[in-house]
Colleague: 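Pasting a structure here, questions to come.
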Amino acid sequence: MRIFLTTVPITEAPHVKWKTLAQYSNNAGQEVKSAKYKKIIDTLNRLNCIDPSLIPEEVKSALEFYKRDVEGAVSQAKPKSLDGLGRAYGLGRRKTSVAKVWVLEGDGRVLINGQPLSQIFERVHDRESAVWPLIATKRMDKYNVWATVEGGGKTGQAEALTLGVARALLVHEPALKPALRRAGTVTRDPRMVERKKPGHLKARKMPTWVKR
């Protein structure tokens, strides 16, 4: 005998965090494949959308079993500090570029992979992007920057340096965060190059249709 229960939209359903794959496998006493785990989570999400006033007790107990225990688990960012040499470290990423940046008080010298900024980036725009957090906060003459950057192209490397310099600068002066946020240097840009698909000339470009 089937019983149809009223459901609520997923946006109005109770917010729940389910057990991770590792936790579920540990409770089950055996390794669980990710595909099977995904089906279980999909089923739990559907059951969680049942109207709370109509949900049966056996469903409630089943949902409670799969819920993750988050009591007292408060995620806090680990506070960053200067090292023994007075340097602040910041990691920046953009596309496939990774920049490791150290910022310390100085007179405005910038070295990227052991070379001056002008030798690494030919375009003026890329040079400005690399140290934009210092330019936007008028700290260009107050700090020295030493960084290593690899992967990607010149623009990606420059924008990875932007994020790395901003993060390192915040260790020195946390009060600059509003100014850096207005300058657009605090948030990591997640956009990536879309891959080429089979049958396409590029990521989305299709061959020109020819009638004959």
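Note that these values count all heavy atoms, side chains included, but never hydrogens, waters or copies made by symmetry. Quantities reported herein were computed from a predicted structural model and do not represent experimental measurements.
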Colleague: Answer yes or no: is there a side-chain heavy-atom contact under 4.5 Å between V145 and L111?
Modeller: no

Colleague: Please say whether more than 12 non-hydrogen atoms of neighbouring residues, nucleotides or ligands are located less than 6.0 Å from CD in E122.
Modeller: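 Not buried by this count: 12 neighbours or fewer within 6.0 Å.
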
Colleague: Using a 4.5 Å cut-off on heavy atoms from C-beta on, say whether the side chain of N144 contacts that of V103.
Modeller: no

Colleague: For a 4.5 angstrom cut-off between non-hydrogen side-chain atoms, does L169 reach L176?
Modeller: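 Side-chain contact under 4.5 Å: yes.
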
Colleague: If you count the non-hydrogen atoms of other residues, nucleotides and ligands that lie under 6.0 Å from CH2 in W102, is the total more than 12?
Modeller: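 Counting other residues, nucleotides and ligands, CH2 of W102 exceeds 12 neighbours.
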
Colleague: Relative to F65, does K60 satisfy both conditions: NZ or CZ under 6.0 angstrom from the six-membered ring centre, and within 45 degrees of the ring's axis?
Modeller: no

Colleague: Inspect the contact between R46 and D42 and indicate whether a charged nitrogen and a carboxylate oxygen are less than 4.0 angstrom apart.
Modeller: no

Colleague: Tell me whether K39 at atom NZ has more than 12 heavy atoms from other residues, nucleotides or ligands lying less than 6.0 Å away.
Modeller: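 No - once you tally the heavy atoms of other residues, nucleotides and ligands closer than 6.0 Å, there are 12 at most.
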
Colleague: Can you check whether L63 reaches V16 side chain to side chain, under 4.5 Å on heavy atoms?
Modeller: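 The answer is no; the side chains never approach within 4.5 Å.
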
Colleague: If only side-chain N and O atoms count, and only distance matters, is there a donor-acceptor pair under 3.5 Å linking Q23 with Y66?
Modeller: no

Colleague: Check this for me, if you would: do R139 and E173 make a salt bridge, where the nitrogen-to-carboxylate-oxygen distance has to be below 4.0 angstrom?
Modeller: yes

Colleague: Sub-3.5 Å donor-acceptor pair from the side chain of Q157 to the main-chain atoms of G151, do we have one?
Modeller: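 Answer holds: yes.
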
Colleague: So, T148 side chain and N113 main chain: donor-acceptor pair closer than 3.5 Å or not?
Modeller: no

Colleague: Could you pull out the closest heavy-atom pair between M140 and V110, with the gap in Å?
Modeller: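 Residues M140 and V110, closest heavy atoms: CE-CG2, 3.9 Å.
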
Colleague: Give the C-alpha distance, both sets of side-chain angles, the deciding distance and a yes or no for side chain to side chain contact (heavy atoms under 4.5 Å, CB included) between L201 and M206.
Modeller: CA-CA 6 Å; L201 297 178; M206 293 289 289; over 6 Å; no

Colleague: Looking only at side chains, do N45 and W18 share a donor and an acceptor under 3.5 Å apart?
Modeller: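 Yes, side-chain donor-acceptor contact under 3.5 Å.
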
Colleague: Are L180 and L91 in one and the same hydrophobic cluster, where Ile, Leu, Val, Met, Phe, Trp and Tyr link if side-chain heavy atoms are under 4.5 Å apart?
Modeller: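 No, no single cluster joins them.
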
Colleague: Could you please spell out the steps behind the side chain to side chain contact (heavy atoms under 4.5 Å, CB included) verdict for T155 and K95?
Modeller: CA-CA 10 Å; T155 301; K95 296 182 181 178; 5.7 Å; no

Colleague: So does A160 get a backbone contact from the side chain of S97, meaning a donor-acceptor N/O pair under 3.5 Å?
Modeller: no

Colleague: Closest approach of L21 and K33, non-hydrogen atoms and distance?
Modeller: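 Looks like CD1-O, 4.4 Å.
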
Colleague: Would a 4.5 Å heavy-atom cut-off, applied to side chains only, mark R87 and L82 as touching?
Modeller: no

Colleague: Applying side chain to side chain contact (heavy atoms under 4.5 Å, CB included) to L161 and V101, what does each step give before you reach the verdict?
Modeller: CA-CA 7 Å; L161 285 167; V101 183; 3.9 Å; yes

Colleague: Hydrophobic clusters here meaning ILVMFWY residues chained together by side-chain heavy-atom distances under 4.5 Å, can you tell me if V165 and W146 are in one?
Modeller: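 Unlinked, V165 and W146 end up in two clusters.
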
Colleague: Grab the two heavy atoms, one from K19 and one from Y24, that are nearest each other, plus how far apart they are.
Modeller: CB-N, 4.5 Å

Colleague: State yes or no: do V131 and L163 share one hydrophobic cluster built from I, L, V, M, F, W and Y residues joined by side-chain heavy-atom distances below 4.5 Å, directly or via other members?
Modeller: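 No, V131 and L163 fall in different hydrophobic clusters.
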
Colleague: For atom CD of Q115, decide whether the heavy atoms of other residues, nucleotides or ligands shown that lie under 6.0 angstrom number more than 12.
Modeller: yes

Colleague: Would you compute the distance between atom CH2 of W132 and atom CZ of R127 and round it to the nearest 0.5 angstrom?
Modeller: 16.0 Å

Colleague: So how far is it from L134 CG to Y143 OH, rounded to the nearest 0.5 Å?
Modeller: 8.5 Å

Colleague: If I take atom CZ from residue R167 and atom OG1 from residue T185, how far apart are they, to the nearest 0.5 angstrom?
Modeller: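 It comes to 10.5 Å.
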
Colleague: Please name the pair of heavy atoms, one in K202 and one in H200, separated by the smallest distance, quoted to 0.1 Å.
Modeller: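 Heavy atoms of K202 and H200 come nearest at O-CB, 3.1 Å.
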
Colleague: Please name the pair of heavy atoms, one in L47 and one in I55, separated by the smallest distance, quoted to 0.1 Å.
Modeller: O-CD1, 4.2 Å

Colleague: Compare all side-chain heavy atoms of E57 with those of S61 and state whether any distance is below 4.5 angstrom.
Modeller: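 Contact flag for E57/S61 side chains = no.
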
Colleague: How far does CE of M192 sit from CZ of R94, to the nearest 0.5 angstrom?
Modeller: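 The CZ atom of R94 is 8.5 Å from CE of M192, to the nearest 0.5 Å.
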
Colleague: NZ of K197: more than 12 outside heavy atoms within 6.0 angstrom?
Modeller: yes

Colleague: Check the hydrophobic clustering (I, L, V, M, F, W, Y; side-chain heavy atoms under 4.5 Å; chains of links allowed) and say if V186 and I135 are grouped together.
Modeller: yes

Colleague: Hey, are the side chains of D189 and R93 touching, using non-hydrogen atoms and a 4.5 Å cut-off?
Modeller: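 No, side chains not in contact.
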
Colleague: Between R204 and E194, is there a side-chain N and carboxylate O pair less than 4.0 Å apart?
Modeller: yes

Colleague: Verify the neighbour count for atom CZ of R109: are there more than 12 heavy atoms of other residues, nucleotides or ligands below 6.0 Å?
Modeller: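 12 or below, so no.
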
Colleague: Once rounded to the nearest 0.5 Å, what's the spacing between atom SG of C49 and atom CG of L44?
Modeller: 11.0 Å

Colleague: Would you mind reporting whether R181 and T187 have side-chain heavy atoms less than 4.5 Å apart?
Modeller: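 Yes - at least one pair of side-chain heavy atoms lies under 4.5 Å apart.
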
Colleague: Measure the spacing between NZ of K177 and OG1 of T137 and express it to the nearest 0.5 Å.
Modeller: 15.0 Å

Colleague: Charged N to carboxylate O below 4.0 Å: is that the case for K154 and D126?
Modeller: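 A salt bridge is absent here (no side-chain N lies under 4.0 Å from a carboxylate O).
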
